[in-house]
Amino acid sequence: MGKESVGITASKKNDFSEWYTQVVLKAELADYAPVKGLIVLRPDGYSIWESLKDTFDKKFAQNGIRNGFLPVLIPESLLGKEKKHFAGFNPEVFWVTHSGENEVGDRLALRPTSETLAYTLYSKWIKSWRDLPLKMNFWNTALRAEIKATKPFLRTSEFLWQEGHTVHSTEKEAKKEVFKILEIYKNTVEEELAIPVVTGKKSEKEKFVGAVFTTTMESIMPDGKALQMGTSHFLGQNFSKPFEVKFADKDNVEHFAWQTSWGVSWRLIGAMIMVHGDDKGLVLPPKVAPTQVVIVPIYNSDEDKKRVLEKSDEIKKQLESKSIRTHIDDRNELSPGYKFNDWEMKGVPLRIEIGPKDISKQKVVLAKRYNKEKTDLGFDEIEKIDLILNEIQTHMLESAREEAKQNTLNISDYTEFKEKIGKGGFFNANWCGKQECEEKIKEETGADIRVIPFDKENKEGKCIYCNEQSTSVPIFARGY
RNA sequence: GGGAACGUAGUCUAGCUUGGUAUGAUACUAGUCUGGGGGACUAGUGAUCGCAGGUUCAAAUCCUGCCGUUCCCA
């Protein structure tokens with residue numbers, strides 16, 4: 001068999017885009033749907049999403065947030081209630097204009113996001129301060145037409161996500177919620193996906209349309225571009241006013257409520273692929289890997305086969321008793337070498353090779369995916385595998401942090417900035433806070449303000465563009 | 001937003017310039033051997049050449065439209 005035709009043929013370093021697409025398709029995470037910009041999730045891809053969903057659900061629940069479900073169709077009259085919000089989304093809205101042969105009266109939008117729908121309901125449900133806070137989350141898909149370049153997980157016209165919508169009686173409490181959610185996002189992405197993130201605020205220009213302010217977490221990808229990993233918005237009363245989300249307070253005075261909305265999408269899967277993958281394919285962080293350990297039995301005679309499979313099964317049971325997701329690759333028709341490459345392409349964190357030679361020595365061969373290390377592991381050490389998986393998880397985050405650090409640069413000279421932006425990276429640069437400078441920089445370099453880190457607000461210095469008094473040190477980068 | 005390329009079996013691909021019923025590999029099925037890093041041999045299955053029109057005795061090939069995919073640049 002031609003090695004070229006089966007594995008990943010593009011190099012991550014030299015041909016990043018092509019490499020990414022190949023990994024998604026060949027590792028069988030997703031495939032293209034017959035409609036432009038839409039993808040289909042295959043079991044391994046969906047399993048990773050389910051794993052993230054489970055983690056988020058637990059954390060949301062601990063924070064008093066409950067799940068609900070909203071319909072996909074939103075009447076135009078509702079969507080248009082908050083003018084700026086509508087204008088922001090309108091270009092990419094899919095419209096339903098017919099039911100069968102009949103035209104519908106009020107056009108129906110396939111939700112680009114659900115604020116307008118959720119808050120219509122919220123205004124019905126909320127009457128008193130006793131009804132607050134109202135904290136709900138929705139797992140669904142959103143639809144935003146992507147006219148041009150689409151890429152699996154990163155830019156698709158329909159994407160899986162969760163959108164949370166909370167309502168509070170005070171501004172302070174709502175703001176606290178915004179930051180609490182962002183913290184949950186950050187922890188989850190770093191702990192589960194082993195991707196380091198920078199948290200902070202979006203600039204006025206980049207904030208969510210309709211929000212008072214937007215907090216965000218951003219990560220740097222190996223090609224030097226920034227990826228927005230999730231956002232948590234403080235909506236203030238911008239939506240509660242048009243949608244009349246109001247409540248009678250303890251003093252019997254009616255107030256408009258304070259709101260938040262927040263979301264992460266399957267983009268996180270795209271980030272995971274980019275950050276950890278290599279030229280052999282996907283590399284999965286153990287915590288989200290659908291299969292954590294794959295056992296490849298090796299044998300020739302029927303007698304050996306029986307012994308090896310029996311031992312494999314024993315190891316599998318031992319691992320499963322510790323909740324380690326284990327698979328035995330007993331496909332008879334394939335050679336061990338083929339299987340090794342196959343599972344490496346799919347990114348399974350640990351591989352156990354076991355043959356007659358190993359059994360006689362009371363050990364197996366253990367191969368780690370993320371650093372390609374191969375060692376012997378005695379039968380009596382099998383129980384340590386959960387610790388090894390944890391170690392891998394930790395190391396993956398550490399090395400991703402190291403890489404991110406090397407791609408982050410402090411910069412104060414605009415000429416130098418323009419020279420270096422081509423290679424990508426995060427650039428910490430002083431900014432005066434004026435949108436004009438932000439726009440000029442975008443125009444001249446293609447880089448925008450990804451995030452103003454929380455610890456970099458109110459920093460003195462000189463704006464990299466206009467040299468005037470700076471107000472903060474945002475991260476500039478070219479983004480996805 | 002601007003530009004370029006591409007679409008032929010599950011996958012990759014030859015053929016297209018100069019129209020004549022599609023090449024090869026791999027995968028798949030069966031068998032024998034093999035088995036510690038992408039195995040070998042033998043025999044078989046699998047394609048209305050992206051879709052819809054048009055030109056023609058005849059279209060994968062020429063023309064038009066549509067759909068889809070990829071890459072590069074802002």
Side-chain angles (χ1 to χ4, degrees), chain A residues 1-12 14-28 30-40 42 91-92 145-157 223-225 279-281 294-309 311-312 329-346 348 351-361 363-369 372-377 418 421-424 439-448 477-480:
Chain A
M1 147 172 343
K3 188 173 174 170
E4 314 73 35
S5 58
V6 188
I8 308 296
T9 57
S11 133
K12 184 177 183 185
N14 302 324
D15 203 356
F16 190 74
S17 276
E18 174 67 23
W19 169 85
Y20 175 82
T21 307
Q22 281 193 19
V23 173
V24 171
L25 299 178
K26 293 192 175 180
E28 298 182 353
D31 205 346
Y32 292 104
V35 178
K36 179 180 171 54
L38 304 185
I39 61 168
V40 176
R42 303 183 68 176
E92 40 197 36
E146 291 292 347
I147 313 295
K148 247 197 120 146
T150 60
K151 204 166 258 301
F153 295 116
L154 300 178
R155 193 172 287 272
T156 49
S157 290
D223 61 350
K225 286 203 223 167
D279 284 356
K280 300 220 75 176
V294 63
I295 301 173
V296 179
I298 298 159
Y299 46 79
N300 38 44
S301 70
D302 280 352
E303 192 192 328
D304 282 344
K305 177 177 175 178
K306 187 162 177 283
R307 282 168 58 213
V308 170
L309 284 179
K311 187 64 196 176
S312 300
D329 186 354
D330 58 1
R331 290 177 292 180
N332 207 25
E333 65 281 6
L334 298 175
S335 70
Y338 183 92
K339 293 178 185 176
F340 297 166
N341 285 287
D342 195 35
W343 292 109
E344 279 166 4
M345 188 162 71
K346 290 188 167 177
V348 174
R351 179 180 71 242
I352 288 177
E353 303 168 17
I354 177 164
K357 283 186 264 174
D358 301 299
I359 292 186
S360 63
K361 290 184 197 160
K363 58 98 179 169
V364 298
V365 173
L366 185 73
K368 292 179 188 168
R369 175 66 182 90
K372 301 187 179 81
E373 188 184 288
K374 228 165 145 167
T375 50
D376 283 346
L377 190 76
K418 278 200 282 194
I421 190 71
K423 285 189 190 148
E439 276 164 6
K440 286 283 184 197
I441 291 170
K442 167 80 180 170
E443 209 178 294
E444 292 169 20
T445 67
D448 44 26
R478 288 182 180 164
Y480 268 91

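Protein chains get the first letters and strands the later ones, always in sequence-line order, with residue 1 at the start of each.
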Of the candidate nucleotides [options], which contains the atom at the shortest distance from the side chain of [X]?
X        : options             : value
A/Ile298 : B/G37, B/G35, B/C71 : B/G35
A/Arg478 : B/G38, B/A74, B/G37 : B/A74
A/Arg351 : B/G37, B/G1, B/C71  : B/G37
A/Val365 : B/C72, B/G36, B/G37 : B/G36
A/Thr150 : B/G68, B/U70, B/G36 : B/U70
A/Tyr338 : B/G36, B/C71, B/G39 : B/G39
A/Asn332 : B/U69, B/C72, B/G35 : B/G35
A/Val35  : B/G37, B/G68, B/G38 : B/G68
A/Glu353 : B/C71, B/G36, B/U70 : B/G36

What's [X] touching, base or sugar-phosphate or nothing? Going by heavy atoms closer than 4.0 Å.
X        : value
A/Glu18  : sugar-phosphate
A/Pro297 : nothing
A/Asp304 : nothing
A/Lys339 : nothing
A/Gly422 : nothing
A/Asp15  : nothing
A/Gly355 : base
A/Lys305 : nothing
A/Lys372 : nothing
A/Arg331 : nothing
A/Val296 : nothing

Point to revise | A/Tyr480 six-ring centre to A/Arg155 NZ/CZ under 6.0 Å and within 45° of normal | key: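 Negative - A/Arg155 is either too far from the ring of A/Tyr480 or too far off its axis.
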If [N] has a Watson-Crick or G-U wobble mate with both distances under 3.5 Å, name it; if not, just say none.
N     : result
B/U23 : none
B/U69 : B/A5
B/C49 : none
B/G44 : B/C28
B/A58 : none
B/A14 : none
B/C33 : B/G39

Lys/Arg-Asp/Glu bridge criterion (N-O < 4.0 Å) met for [X], [Y]:
X        : Y        : result
A/Lys339 : A/Asp342 : no
A/Asp279 : A/Lys12  : no
A/Glu344 : A/Lys372 : no

Check your understanding: Between A/Val296 and A/Tyr338, is any pair of side-chain heavy atoms under 4.5 Å apart?
Key ->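 No, too far: nothing below the 4.5 Å cut-off.
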**Study point:** Heavy-atom closest pair, residues A/Arg42 and A/Glu28
**Key:** CB-O, 3.3 Å
Review point. Is there a donor-acceptor pair under 3.5 Å between the side chain of A/Lys151 and the backbone N or O of A/Thr21?
Key: no
Practice item. Spell out, as yes or no, whether a donor-acceptor pair under 3.5 Å connects the side chain of A/Thr150 to the backbone of A/Thr156. Key: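 Checked: no pair found.
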**Study point:** 5' precedence on RNA chain B between A/Glu443 and A/Pro356 (nearest-nucleotide basis)
**Key:**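 The 5'-side residue here is A/Pro356.
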Check your understanding: Of A/Glu444 and A/Leu38, whose closest RNA chain B nucleotide lies nearer the 5' terminus?
Key ->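 The residue mapped nearer the 5' terminus is A/Leu38.
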Roughly how far apart, to the nearest Å, are [N] and [M] at atom [atom1]?
N     : M     : atom1 : value
B/C67 : B/A27 : P     : 37 Å
B/G15 : B/G3  : P     : 29 Å
B/A25 : B/C41 : P     : 11 Å

Does [X] put a side-chain nitrogen or oxygen below 4.0 Å from OP1 or OP2 of [N]?
X        : N     : answer
A/Lys442 : B/A74 : no
A/Thr21  : B/C71 : yes
A/Ser335 : B/G39 : yes

Point to revise | Base B/G36 paired with A/Lys357 side chain (donor-acceptor, <3.5 Å) | key: yes
